[in-house]
Amino acid sequence: MQGFANKEALATTISSRKATFYSRSRSSLWTKGETSMNFINVHDVFLDCDRDSIIYLGKPDGPTCHTGSETCYFSSVLDQIKLLEDCEDRLALTTLYSLESTIARRKAETGVDEKPSWTKRLLLDEKLLCSKIREEADELCQTLENNEDRSRTASEMADVLYHGLVLLSAKGVKIEEVFEVLRKRFEKSGIEEKSSRKSGSKEAM
């Protein structure tokens, strides 16, 4: 655990052999365990090279942290970062799966509408769909070639993803099948993957 100590807290710790600190909020000394009875029995005290921090080396009678944990330092920053990354990954997948589901519902719609949805029009006209994919892919490339802002690139990529998913639906291909292909390609470098394509295999990247 970590606490603030002044000269009096250090002196009390040395004399009592109980880890004692100074509460800046209460302006008074406090001994770890005085309410919980989970004292820290101090065996030695160490100073750092600059004499501006102290370590009490001791054996606790119980959990050191008020949460009941053995140590107050149980929250890993790297674990928290990984958790955030996992949440972002799940959000990305949820977005793609939701879009795929919406397209599937449009595809399943029956009857003739005077004004069919754009998705339905694309599904009914493969030439229109292919022309839109080529158009959106070109516009995406233009954001790089013309040094357009990031938001423009994100918008154009969204168009490419949407129209690409419509094509997958038209072909009866699930996005998970695409993910599976990508996962297999991770096993090889890009150069090796290109070579394998020339030899007729498209199982890796």
Original post:
Do other residues, nucleotides or ligands put more than 12 heavy atoms under 6.0 Å from the CD atom of E70?
Top reply: no
Subject >> Crowding at CZ, R183 (>12 non-hydrogen neighbours, <6.0 Å) >> reply: yes
Subject >> Shortest non-hydrogen contact from A5 toward T20 >> reply: CB-O, 4.5 Å
Original post:
Do the side chains of K120 and L124 get nearer than 4.5 Å, heavy atoms only?
Top reply: yes
Original post:
Do the non-hydrogen side-chain atoms of L122 and L128 ever get within less than 4.5 Å of each other?
Top reply: yes
Original post:
Quick one: CG on L78 to CD on E85, what's the gap to the nearest 0.5 Å?
Top reply: 9.5 Å
**OP:** Determine yes or no for a side-chain-to-main-chain donor-acceptor pair under 3.5 angstrom, with D44 supplying the side chain and L57 the backbone.
**Re:** no
Original post:
Within a radius of less than 6.0 Å around CD of E34, do more than 12 heavy atoms belonging to other residues, nucleotides or ligands occur?
Top reply: yes
Original post:
Hey, what do you get for CZ (R152) to CG (N147), rounding to the nearest 0.5 Å?
Top reply: 13.5 Å
**OP:** Decide yes or no for T13 and Y56: does some side-chain heavy atom of the first lie under 4.5 Å from some side-chain heavy atom of the second?
**Re:** yes
**OP:** Look up atom NZ in K18 and atom CG in N41, then write down how far apart they are to the nearest 0.5 Å.
**Re:** 3.5 Å
**OP:** Locate the shortest heavy-atom distance separating F74 from C65; write the atom from each residue and the value.
**Re:** CE2-SG, 3.9 Å
Subject >> Atom pair CD/CG of E136 and L161 - distance to nearest 0.5 Å >> reply: 11.0 Å
Original post:
If every non-hydrogen atom of M1 is compared with every non-hydrogen atom of C72, which pair is closest and at what distance?
Top reply: CB-SG, 3.7 Å
Original post:
Could you walk me through whether R134 and D138 pass the salt bridge (charged side-chain N to carboxylate O under 4.0 Å, His left out) check?
Top reply: CA-CA 6 Å; R134 295 186 182 100; D138 183 61; over 6 Å; no
Original post:
Hey, does the side chain of N6 reach the backbone of E8 with a donor-acceptor pair shorter than 3.5 angstrom?
Top reply: yes
Subject >> Taking every non-hydrogen atom, the tightest pair across G58 and P60 >> reply: O-CD, 3.8 Å
Original post:
Would S25 and S23 satisfy side chain to side chain donor-acceptor pair (under 3.5 Å), going step by step from the backbone distance to the final call?
Top reply: CA-CA 5 Å; S25 61; S23 172; 3.1 Å; yes
Original post:
L129 pairs by side chain to side chain contact (heavy atoms under 4.5 Å, CB included) with which of T119, L123, L167?
Top reply: L167
Original post:
Is any side-chain heavy atom of I14 less than 4.5 Å from a side-chain heavy atom of V42?
Top reply: no
Original post:
Which value, rounded to the nearest 0.5 Å, describes the distance between T64 atom OG1 and I40 atom CD1?
Top reply: 4.5 Å
Original post:
Between F179 and E177, is a side-chain contact (heavy atoms from CB on, under 4.5 Å) present by the stated rule, with each step listed?
Top reply: CA-CA 5 Å; F179 293 153; E177 297 177 59; over 6 Å; no
Original post:
Are any non-hydrogen side-chain atoms of Y22 and S27 less than 4.5 angstrom apart?
Top reply: yes
Subject >> Point-to-point distance, once rounded to the nearest 0.5 Å, from CZ of R106 to OG of S117 >> reply: 5.0 Å
Subject >> Distance-minimising heavy-atom pair for L47 and R51 >> reply: CD1-CD, 3.5 Å
**OP:** Compare all side-chain heavy atoms of E100 with those of L96 and state whether any distance is below 4.5 angstrom.
**Re:** no
Original post:
With side chains defined as the heavy atoms from C-beta onward, is the minimum distance between R105 and T102 less than 4.5 Å?
Top reply: yes
**OP:** Could you walk me through whether F21 and F4 pass side-chain contact (heavy atoms from CB on, under 4.5 Å), step by step?
**Re:** CA-CA 6 Å; F21 305 90; F4 183 82; 5.9 Å; no
Original post:
Just wondering, do L140 and T153 contact through their side chains at under 4.5 Å, heavy atoms?
Top reply: yes
